[in-house]
Each structure stands twice: as structure tokens, then as C-alpha cells.
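The block underneath contains the structure these notes are about, expressed in C-alpha cells.
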Amino acid sequence: MNEGNMVKVGMADIGVAFGGAILKTTGLGSCVGLTLFDPLRLVAGMAHIMLPSSDIAREGQLNIAKYADTSIPELLARLLQLGADRRRLVAKLAGGAQMFAFAGGSDSLRIGPRNVESAKEELERLAIPIASEDTGGNYGRTIELDSASGILTIRSVQFGTKEI
Amino acid sequence: MELFNHNPDFKMDVLREVGNIGAGNAATALSRMLDKPVDMSVPTVSFVPFESIADRVGGSEEVVVAVFLRVDGDAPGNMFFLMSREQARLLLRELAGFELEDENEYSELELSALCEIGNILAGSYLSSLADLTGLAMSPTVPQVAVDMAGAILSYGLLQFGTMGDDALLISTTFLKDEREAEGYFFFIPDPESFARMFVSLGVPLE
């Protein structure tokens, strides 16, 4: 979806932007919002990752935007198509919260931290450095990435707005 | 879901009745607590795209007060009782005499009271379903959160997440009057739970 110069990225979705357009995804809980940015070409991308690994997929047609291990390579490929140089790309991450904590919680309840771990492993594999992150906690986040500056703005109910 | 390839309308009707009985009991419990009538909408049963899960409660960024609990037993799933901040404030005042000074600041006691309300409502929802189906269904200790609806509800979609991009949601709205919602009940059984419920209710799977 593209409204003016705002590109909305849905849940389990990928978006790219350039020329000062803003990438936005709302209501990140245990999901991770991962952004890549080329500061010279000013192209940016965002993935709203829901689950850590496509190994657990049972769906017929795999939605590659959904899983950390498939989403990040796809995002990278789209940015390269737009002329980004992968040696210049830097990553930022937000989300991966644990919205509810249960005593002796099973693995599925730790999904937020696992999404973050998996995204970081994938970035390391692709040799993309992490510029900054705002992950964990127990609260939701809405994020916006400015493709002109690479600044990631994070909004939450408890802590208001901050930039990383 | 393949389960719904055969006779989908009938199966959806059965789930609507499941939601009707569960939410009906919860509404009765709420009505007793408040000592006034609580109406409810006909339950909606539908496959909802993940992206739209929060639409009914005002959108992904809408701040809501939510009680979440996991359903354990033969037909596991996720259950949410959601309210606007204004409704939570009214509920706390009517039920417990708490006067909130700030809708964004809740004391431990107020959160605990909201949790208990959610617990009672979910308990009555589930016990009526257990009676109906003969399946064991028990709520875990509820958790309360005041946060963006999208962030909260996405937590209930993980079991569906590995299967596709939508989830089967049984939702009911509690009505204060014709216009205003008192709260919302969302029941999202795990994908595997539907066949068990149908079998126990004598609904042919194929």
C-alpha cells in the first residue's frame, strides 16, 4: 500500500522505499520490524517478521515475508534491485517484545526474543551490520523509517516517541 | 483450512453457536457482576487476515485494555477480553469503586481487578463450552496488558502463523446500548482444535 509518500508494511510483509518516502508498520508486539538502509543511495526497506524460522512452516504456499530466515534475504534482494550497495547497508531492529509472560512458559511464548535472535543470526550470515536496535520489553511498538535519513522512529504507549 | 472444504456453512454455523453459548454465559456473568443487563451481538465467525485482526477494536494502533489467557486441555486456543480504556475505567468504578485519575496509569490493584474480571468471564465462557462439547478446557492464569491492539492480538495468531496468513476468529461484542461496545470477546482456537470440537459435537468432518 502506498499513501502519498508513506509505504505501509503489513504483518508478515515487506516494503521498500526511496526518495524520502517513509516506511511504516504498526502494532509490533512479538513481531520484529527490521529495516535496511543504504545511506548513499538513500534506499530503504522494511520487513515485518512474525516467526523465527521457515522450518516450522506448514503452509502450502510459503509467505517468505513472514519468517526471519526467508524475509531478510528477500528484502536484501529487493534493495539490490533498487541499486543499493550491500557493503553499505546497515540494519536496525525494533520489536520482539514478550507481551505476556507466563511462569514456566513454553517456547512458543518466548516468540519475541526468538524472532530477534533469528533475525540477528540471519544478518550476521549476510554480513550486514546492526546500527541500532530497540528490542525486547513487554510493550508494543509502531515504527517508521525515513528513507532520506535512515532514522527509525519508534512509538510506544508507555515511552512515547524515540529515534534510533 | 482443509477442514472447511466440506460443508463450510454448516461448520461455521456450529462455531457461531459455540460462540453464542460461550459468550452468552460470559455476558450473564458480567451482567450479575454489574447488576444490570448486558446485551451482546450475534457472534462473528470468520477467517480474518492477520493484518485485519485489530480492525473490529479500532485498528492496530488503538490502545486497548486486554486480558489474555491461554486455553489448555483437549481444544487449546487463545482468548482475549478487550475493552477501550474508557470502558475499563467505568468497569473498575462500577465493580470495585476504583476512581482512575489517569486512564494510562493503572495500579497493581486495578490491573489485578481487571485480570479477575477477565478470569471470571473467560471461566464462564469456557465452562459452558466444556459442558457443551464434553472436552476439557481450562483457562491459564490471565494476564492483562494496556497497549496497542495489534501488538496484543498478534500474540494470539502464532498458532495460525505457520499455516497461512489468516486465522479463524470467533468474536462477540458486548453491548452497553445499541451504539456503544462494552467489550469484546475474541476466541481463537488453535487450528487443531476445530476437528476435536466438531467430532465431540457430532459434526461430520467430511
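The structure displayed is predicted, hence computed values, not measured ones. Residue numbers begin at 1 in each chain, while the letters A, B, ... track the order of the sequences.
The two atoms that bring I152(B) and F100(A) nearest to each other are CG2-CZ, 4.0 Å, heavy atoms only. Q159(B) approaches R58(A) most closely through the heavy-atom pair O-NH2, 3.8 Å. When all heavy atoms are compared, the tightest approach of G140(A) to A151(B) is CA-CB, 3.6 Å. Here the shortest heavy-atom pairing between Y67(A) and G161(B) reads OH-O, 3.6 Å. Between D147(B) and N138(A), the shortest heavy-atom contact is OD2-O, 4.2 Å.
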Pair Y139(A)-M148(B), side chain to side chain contact (heavy atoms under 4.5 Å, CB included): steps then yes or no: CA-CA 8 Å; Y139(A) 55 91; M148(B) 301 174 190; over 6 Å; no

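Heavy-atom distances place the backbone of R141(A), and not its side chain, under 4.5 Å from chain B. Residue contact with chain A, scored on non-hydrogen atoms closer than 4.5 Å, involves the backbone and the side chain of L157(B) alike. In this structure, chain B has a heavy atom under 4.5 Å from the backbone of L28(A), while its side chain stays farther away.
A side-chain donor from one of E61(B) and T142(A) sits under 3.5 Å from a side-chain acceptor of the other.
Within a 6.0 Å radius of CZ in F10(B), no more than 12 heavy atoms belonging to other residues, nucleotides or ligands are found. Enclosure of atom CZ in R41(A) is not indicated, since only 12 or fewer non-hydrogen atoms of other residues, nucleotides or ligands lie within 6.0 angstrom. Within a 6.0 Å radius of CZ in R88(A), more than 12 heavy atoms belonging to other residues, nucleotides or ligands are found. Within 6.0 Å of CD in E192(B) there are more than 12 heavy atoms belonging to other residues, nucleotides or ligands.
Counting heavy atoms from C-beta outward, Q158(A) and V146(B) have side chains that stay 4.5 Å or more apart.
In terms of heavy-atom pairs under 4.5 angstrom with chain B, the leader among G10(A), A97(A), G27(A) is G27(A).
We find the CD1-OG1 distance between I56(A) and T162(B) to be 6.0 Å, quoted to the nearest 0.5 Å. In this structure, the separation between CG on N63(A) and CZ on F50(B) is 9.0 Å, given to the nearest 0.5 Å.
Side-chain atoms of E51(B) come within 3.5 Å of backbone atoms of M11(A) as a donor-acceptor pair (strictly under, hydrogens ignored).
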